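One structure below.
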Amino acid sequence: MPEKFLTVDLPSLPSASETTFKRRKVGFVSLGCPKNLVDSEVMMGMLAEAGAELTHETDDADVIVVNTCSFIDRAQRESVDTILEMAQLKAAGKTQKLVVAGCLVERYRDEIRKNIPEVDAVVGTGELEAILRATGIEASRPSSPFVILQSRAEGILREQQGRFSRESWDGAIADLPNYLYDDTTPRLLATPKHSAYIKIAEGCDHPCSFCIIPQLRGKFRSRRFESVIAEAEKLAKSGVREITLIGQDTTCYGEDLGLKDGLALLLEKLAAVPDLRWIRFLYAYPNKITGRLLETIAAHEKICSYIDVPLQHASASALKRMKRGGSAEVFLRSIEKMRTTIPNLTLRTSFIVGFPGETEQEFEELCDFVREARFDWMGAFGYSDEEGAAAHHLEKKLSAREIERRRKQLMQIQQKISKRAKKALIGKQFDLLLEGTSDETDLLLEGRTAMHAPEIDRAAWTMPGSRRSTPRWR
Ligand code: SF4
């Protein structure tokens, strides 16, 4: 079973005689980020509602769906390898149908069909309902209730500037995805029972020159306010205690709906949902973190004092080439404001090192910034040169070796900071979400504090305990 083969609590299904179509066993492999995982959960929900049987075993599946990622080159390779692995199962007669979904389809729709003949159908990120027909389930759903009422002014401007154009992409269909699920869409959770993601927005209008997500996912669009609250209430009633709001940029939430400080308003409402214990959001765009948002986080115990703001760089000249803006000075001021408004704030960020033209001096600026900012969590990624991204045309690309050298150097700086910060926590008390037994030994229980976002901040804490695998609150 591949690592990402999804396991879900399977719903009770109607018997074959109760259904009007042939019941097929469908297995899912979900790759990439939590946003893609939610798409998988929605597709699984639609299939289950239509009467398909979902299976955890690849060998047992009549149909295998691979929901792919295409963010950077490495993710594309992982997606292709997984498709080829599943194609072998089909060639060996273990499965009858292979469906490829997700971002790789938006990018290489024709190539997948042409070069991997074992693939029977493809489903893009904007056509999730097509999973029913693609898997051979003889049922159809009415198309998505979601309609884009109005784009953000930035979205309209970026469109005029060609930000979303896929013309140079062989085989990509011209129509941008505009799908967005809502609280009435069936969904099967693949996360542990106590924790769930809610996608509050989709797409992105920002111009970051290294990123092709806007072409893959379309223009920024928010889910209706009431729909998000209704879904959170439903999840809380079903036993979910931790909600993570996700989107490419959650801090823009509601701007297309005419809301000011939409994310702060949403968090306030969610904090009033009984039974929810931890609420957080991923990800923040640096210049979209408002005073009102910070005050809202500080005012509600249930909203985790946790901000993940990918800064990407700290040198003003590098940030300018990245088409993001900002500088070390601006970011330090903003971090200071976050820390003064929210006591005990956990701050996470990520950086791209080795961006085209990154000089030694720019890199040193970044290192100095990391030393000064003292992040609680930090990720460093080597620049990945994506065809279709504006940065692909930039000159002075760095060698892979140099990029890796810089990445390691930056991580070493952060590791020392993290180690010191974690030492300072010894002897303090925290609420812990126990998630089951540890991978090391089942004599230890493993848990997360509010400082650890699910799956991302993996340094889970362990404590001696009994052989229990069901997560529970202390
Ligand atoms: S904000 Fe994030 S998703 Fe949007 S273009 Fe920039 S890097 Fe890509």
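All ligand and atom numbering here is 1-based and tracks the order in the structure. Keep in mind it's a predicted model, so treat the numbers as computed, not measured.
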Proximity to ligand 1 by part of R217, non-hydrogen separation under 4.0 Å:
neither

Any S315 side-chain heavy atom under 4.5 Å of F363 side chain
no

Contact list for residues 330-341, test side-chain hydrogen bond (donor to acceptor under 3.5 Å, both in side chains), sequence neighbours left out:
none

Any protein heavy atom < 4.0 Å from atom 2 (Fe) of ligand 1
no

Would you check if there is a donor-acceptor pair between the side chains of D376 and T346 at a distance under 3.5 Å?
no

Can you confirm if the aromatic rings of H313 and F355 lie within a centre distance of less than 6.0 Å?
no

Atom indices of ligand 1 within 4.0 angstrom of R163 heavy atoms, with elements:
5 (S)

Counting neighbours of CD on Q361 that are heavy atoms of other residues, nucleotides or ligands and sit closer than 6.0 Å, is the number greater than 12?
no

Considering atom 6 (Fe) of ligand 1, could you give the total of protein N/O/S atoms lying closer than 2.8 Å?
1

Does any donor atom in the side chain of S30 or S40 lie under 3.5 Å from an acceptor atom in the other side chain?
yes

What residue among R166, E106, R163 forms side chain to side chain donor-acceptor pair (under 3.5 Å) with Q215?
R163

